[in-house]
Amino acid sequence: MAKAITTREENYSQWYNDIVKKAGLADHSAVRGCMVIKPLGFAIWENMKAQLDAMFKDTGHVNAYFPLFIPKSFLSKEADHVEGFAKECAVVTHHRLMNNPDGSGVVVDPSAKLEEELIVRPTSETIIWNTYKDWIQSYRDLPLLINQWANVVRWEMRTRPFLRTAEFLWQEGHTAHATREEAIEEAKLIHEVYARFAEDYMAMPVIKGAKSANERFAGAEETYTIEALMQDGKALQAGTSHFLGQNFAKAFDVKFLNENNQEEHVWATSWGVSTRLVGGLVMSHSDDDGLVIPPRLAPTQVVIVPIPKPLPEIMEKAEAIAAALKAKGVRVKIDKDAKKRPGFKFAQYELEGVPVRLGLGKRDLANGTIEVARRDTKEKVSIDIAGVDRYVEQLLHDIQSGLLQKAKDYRTEHTTEADNMDDFRGTLDEKGGFISAHWDGTAESELKIKEMTKATIRCIPNDFKEEKGSCILSGKPSKGRVLFAKAY
RNA sequence: CGGGAUGUAGCUCAGUCCGGUAGAGUACUCGUCUGGGGGACGAGUGGUCGCAGGUUCAAAUCCUGUCAUCCCGACCA
């Protein structure tokens, strides 16, 4: 049967598109740049969301919801911010349709023009800070630690499912603090939460670091980022946490009285991760046979396939095994479809990335065994049916840690030091990945390198070591190495 | 937003150059035989040819516009 997925070697982009489509993560929609997230893709996002939400709550945050629409005037209040987003905003200009007089359908009613146009949020800093102004008077109102789960719209020129879509789902945290130090601590705390989530749940190793001025969020004083490396050697910015200083507090006049009865502007952070993480998950682990989902985020962790079909005696045993697994907290599904053949199902579950498949047949019943197949390595073993629940529980842990280790090894192999432009370019062309190189700290050098090689500074790593050297471009003195890569 | 390509059955595509009432494979439905890695045979269902105009006795085919997708750039998470 046609194995419909393009191989990674053949065409990495096409491979990614094939996985998204064939595994049933998402479909294109009738609207340019927007996707329909299908049940499997959405279930993965729901699992991510549930875990992140718990982690935010654990660190003292609460959820709220702010409007989709932002008055146009709000967006222009913070100069850097508006410059960053103005080019990609959807604008609502009217509020009514009418029948076209020529009978050809509906048209915008010109008499229903809005007094003030509304922007569909590309991010919510402005409307949130406009609101916080009313919520904050005293240091006793601080810190204010709020998150929202929402959709946002950025009118992108070129889109790709999950990685960059015109509309996407995300969470955006917006916090207000009494001091600069506390706000920076908050931004770092969330940075840490993101990194932990990526590694512990997505099995996606990330480099923690700070963005250069060029790559920083519009309106931020400092942007902390987690950067992951995809299988094609390109980096993916997977989550950012911003220290906003007093920029938004000043723009929206958010002040509080401190303990000494003095008025001060509050200090702010914002932070977000999006459905882009689903794309990162795909590109971190999946292979030419389809999706590979780490167990902790897999909607179905174990599937039991009766062989050759769901006969009563097989199903009885399957139900018992499923019950034992459920008792251990495993998300298990029994395939009860009598029409499809086992071979077809095997291929299908591999395509959909189910971490563990149990094959239970008549022969197994006779022998008291069951076949266990793991998705990540494609290994199959036949084990004693009696201990299958404990075996599978352990196997899920092994798969989770195995995926992380494999991704770490890949990253280690694809992180290279370069000390001059020739090496830099050579490495970039031949194997890609992260390149650790000296940089003089100027925006000019950074932009020039980008122009010459398409590689950007992904981050100034947290584990930045003081090391004397000279910038690979300008030759000027550098205090240490930063990480470059081509990025999504 | 520029350059290139493509839209015909759920999917992959032929037919378009040279206009004449819509094709294949696969999937799907039913039946029989099957059954430990994408089954075999037989019989069926399924398409206003992306959309809107135009030319013509006649348009999947020619012309104009438009929408969408893919690849390559520029821009960005």
Side-chain angles (χ1 to χ4, degrees), chain A residues 1-6 11-14 16-18 20-22 24 27-35 83-89 102 104-105 122-123 152-170 172 194 211 214-218 220 223 225-228 234-242 270-280 289-290 305-311 314 338-351 357-367 369-371 373 378 380 382 450-451 454 456 458 487-488:
Chain A
M1 205 35 45
K3 211 181 261 180
I5 299 176
T6 307
N11 182 341
Y12 191 85
S13 295
Q14 193 55 49
Y16 176 80
N17 290 336
D18 282 355
V20 167
K21 181 101 192 184
K22 305 263 160 62
D27 266 343
H28 289 292
S29 72
V31 183
R32 178 193 181 77
C34 296
M35 63 176 172
E83 200 183 319
F85 289 104
K87 285 171 290 186
E88 49 187 30
C89 286
D102 74 7
S104 65
T123 177
V152 288
V153 168
R154 296 181 189 174
W155 215 261
E156 297 291 347
M157 294 188 171
R158 200 170 156 192
T159 58
R160 304 195 59 194
F162 293 108
L163 297 172
R164 174 168 293 106
T165 47
E167 179 193 12
F168 56 91
L169 307 183
W170 76 345
E172 46 180 325
Y194 286 163
K211 284 293 187 187
N214 268 324
E215 299 281 327
R216 213 171 271 159
F217 175 73
T223 290
T225 180
I226 54 171
E227 297 284 328
K234 286 169 81 174
L236 182 79
Q237 177 176 308
T240 48
S241 176
H242 316 287
S270 70
W271 28 274
V273 295
S274 72
T275 36
R276 170 177 255 201
L277 289 180
V278 177
D289 293 317
V305 179
I307 300 167
K309 58 183 176 183
L311 302 165
I314 297 176
K339 298 288 183 186
K340 297 206 169 58
R341 307 169 71 80
F344 179 88
K345 293 175 180 177
F346 294 170
Q348 188 62 30
Y349 288 118
E350 277 160 17
L351 179 60
R357 183 185 73 237
L358 300 178
L360 185 63
K362 286 186 276 193
R363 213 185 295 158
D364 292 303
L365 288 188
N367 299 338
T369 59
I370 188 163
E371 184 185 77
K378 309 293 278 298
K380 285 194 287 197
S382 191
K450 181 180 178 184
E451 197 180 302
K454 310 238 156 53
T456 50
R458 300 323 302 156
Y488 276 95

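The structure displayed is predicted, hence computed values, not measured ones. Side chains included, hydrogens not; waters and symmetry mates left out as well; all remaining heavy atoms used. Every chain is numbered from 1 and lettered A, B, ... according to where its sequence line falls, protein lines coming before strand lines.
Rounded to the nearest Å, the gap between the C1' atom of B:A60 and that of B:A22 is 9 Å. Taking atom P in both B:C49 and B:G54, one finds a spacing of 16 Å when rounded to whole Å. Between B:G47 and B:U34, the two P atoms lie 36 Å apart (nearest whole Å). Spacing between B:G46 and B:A9 at atom P, rounded to whole Å, works out to 15 Å. Taking atom P on both nucleotides, B:C72 is separated from B:C28 by 33 Å, rounded to a whole Å. Comparing the same atom, P, in B:C11 and in B:A58 gives a spacing of 32 Å after rounding to whole Å. Using atom P as the reference point in both B:A27 and B:C63, the two lie 37 Å apart (nearest Å). One P atom belongs to B:C17, the other to B:U6, and the distance between them is 15 Å to the nearest Å.
Regarding A:Glu451, its CD atom lies at a distance of 9 Å from the P atom of B:C75, rounded to whole Å. At whole-Å resolution of the value, NE2 in A:His28 and P in B:C11 are 12 Å apart. Going from atom CD1 of A:Ile370 over to atom P of B:G36 covers 17 Å, rounded to whole Å. Look at CD1 on A:Ile307: it is 14 Å from P on B:G39, rounded to the nearest Å. Following rounding to the nearest Å, A:Tyr12 (OH) and B:C72 (C1') show an atom-to-atom distance of 19 Å. Note: NZ (A:Lys454) to P (B:C72) measures 12 Å, nearest angstrom. Straight-line distance from the CE atom of A:Met35 to the C1' atom of B:A68: 17 Å, rounded to whole Å. In this entry the distance linking CG of A:Leu311 with P of B:U34 reads 15 Å, nearest Å.
Residue-level contact check: A:Lys211 touches neither bases nor backbone, having no heavy atom under 4.0 Å from any strand. Among the heavy atoms of the strands lying under 4.0 Å from A:Ser13 are primed sugar atoms or P, OP1, OP2 only; no base atom is included. No contact: A:Lys345 has no heavy atom under 4.0 Å from any strand. Residue contacts shown for A:Leu236 are absent, as no nucleic acid heavy atom lies under 4.0 Å away. Within the 4.0 angstrom heavy-atom criterion, base atoms lie near A:Arg357. Backbone-only engagement by A:Gly33 is indicated by non-hydrogen atom pairs under 4.0 Å involving sugar-phosphate atoms exclusively. Across all strands, A:Phe168 comes closer than 4.0 Å to base atoms (heavy-atom distances). Here A:Gln237 lies in heavy-atom contact (under 4.0 Å) with sugar-phosphate atoms only. Residue A:Glu350 is in base contact, counting any heavy-atom pair closer than 4.0 Å across all strands shown. Within 4.0 Å (heavy atoms only), A:Thr165 reaches at least one base atom of the nucleic acid. Using a 4.0 Å heavy-atom criterion, one finds that A:Asp364 contacts the bases of the nucleic acid, with or without backbone contacts as well.
Counting only N and O atoms by type, the side chains of A:Gln348 and A:Lys340 include no donor and acceptor under 3.5 Å apart.
Using a 4.0 Å cut-off, some side-chain N or O of A:Arg32 falls inside it from OP1 or OP2 of B:U69. Listed pair A:Lys340 / B:U34 fails the phosphate criterion, with no side-chain N or O lying under 4.0 Å from OP1 or OP2. Taking side-chain N and O atoms only, A:Arg158 has a distance below 4.0 Å to OP1 or OP2 of B:C72. Under 4.0 angstrom from either OP1 or OP2 of B:U69 there lies no side-chain N or O belonging to A:Asn17.
Base pairing annotation: B:U32 forms a Watson-Crick or G-U wobble pair with B:A40, both donor-acceptor distances under 3.5 Å. Pair assignment for B:G73: B:C1, on the basis of Watson-Crick or G-U wobble contacts that are both within less than 3.5 Å. Nucleotide B:G7 is matched to B:C67 when pairs are restricted to Watson-Crick or G-U wobble geometry with both distances under 3.5 angstrom. A 3.5 Å limit on both hydrogen-bonding distances identifies no Watson-Crick or G-U partner for B:U16. Searching all strands for a Watson-Crick or G-U wobble partner of B:U61 with both distances below 3.5 Å returns nothing. As the counterpart of B:G47, no nucleotide is assigned, since no Watson-Crick or G-U wobble pattern has both distances under 3.5 Å.
The shortest heavy-atom contact between A:Phe217 and A:Ser270 is CE2-OG, 4.4 Å. Between A:Arg158 and A:Arg164 the shortest heavy-atom distance is O-CD, 3.3 Å.
Of the inter-residue distances, the one linking A:Ile5 atom CD1 with A:Leu351 atom CG reads 5.0 Å to the nearest 0.5 angstrom. The OG1 atom of A:Thr240 sits 11.0 Å away from atom CD of A:Glu172, with the distance rounded to the nearest 0.5 Å. Taking CZ of A:Arg32 as the start and OG1 of A:Thr159 as the end, the distance is 7.0 Å to the nearest 0.5 Å. Expressed to the nearest 0.5 Å, how far NZ of A:Lys22 lies from CG of A:Asn17 amounts to 10.0 Å. Rounding to the nearest 0.5 angstrom, the gap separating the CD1 atom in A:Ile307 from the NZ atom in A:Lys362 is 11.0 Å.
Taking every side-chain heavy atom of A:Arg363 into account, B:G36 is the closest of B:C75, B:G36, B:G38.
If you check distances only, the side chain of A:Lys378 never reaches the base of B:G37 with a donor-acceptor pair under 3.5 Å. Side-chain atoms of A:Arg154 and base atoms of B:C76 include no donor and acceptor less than 3.5 Å apart. Side-chain atoms of A:Gln348 stay outside donor-acceptor range of the base of B:G37, with no qualifying N/O pair under 3.5 Å. Side-chain atoms of A:Arg341 and base atoms of B:U34 include a donor and an acceptor less than 3.5 Å apart.
Considering only heavy atoms from C-beta on, A:Lys378 comes within 4.5 Å of A:Glu350 through its side chain.
If A:Phe346 and A:Met157 are placed on RNA chain B by their nearest nucleotide, the residue sitting closer to the 5' end is A:Phe346. Nucleotides of RNA chain B nearest to A:Gly359 and A:Glu88 differ in position, and the one nearer the 5' end is that of A:Gly359.
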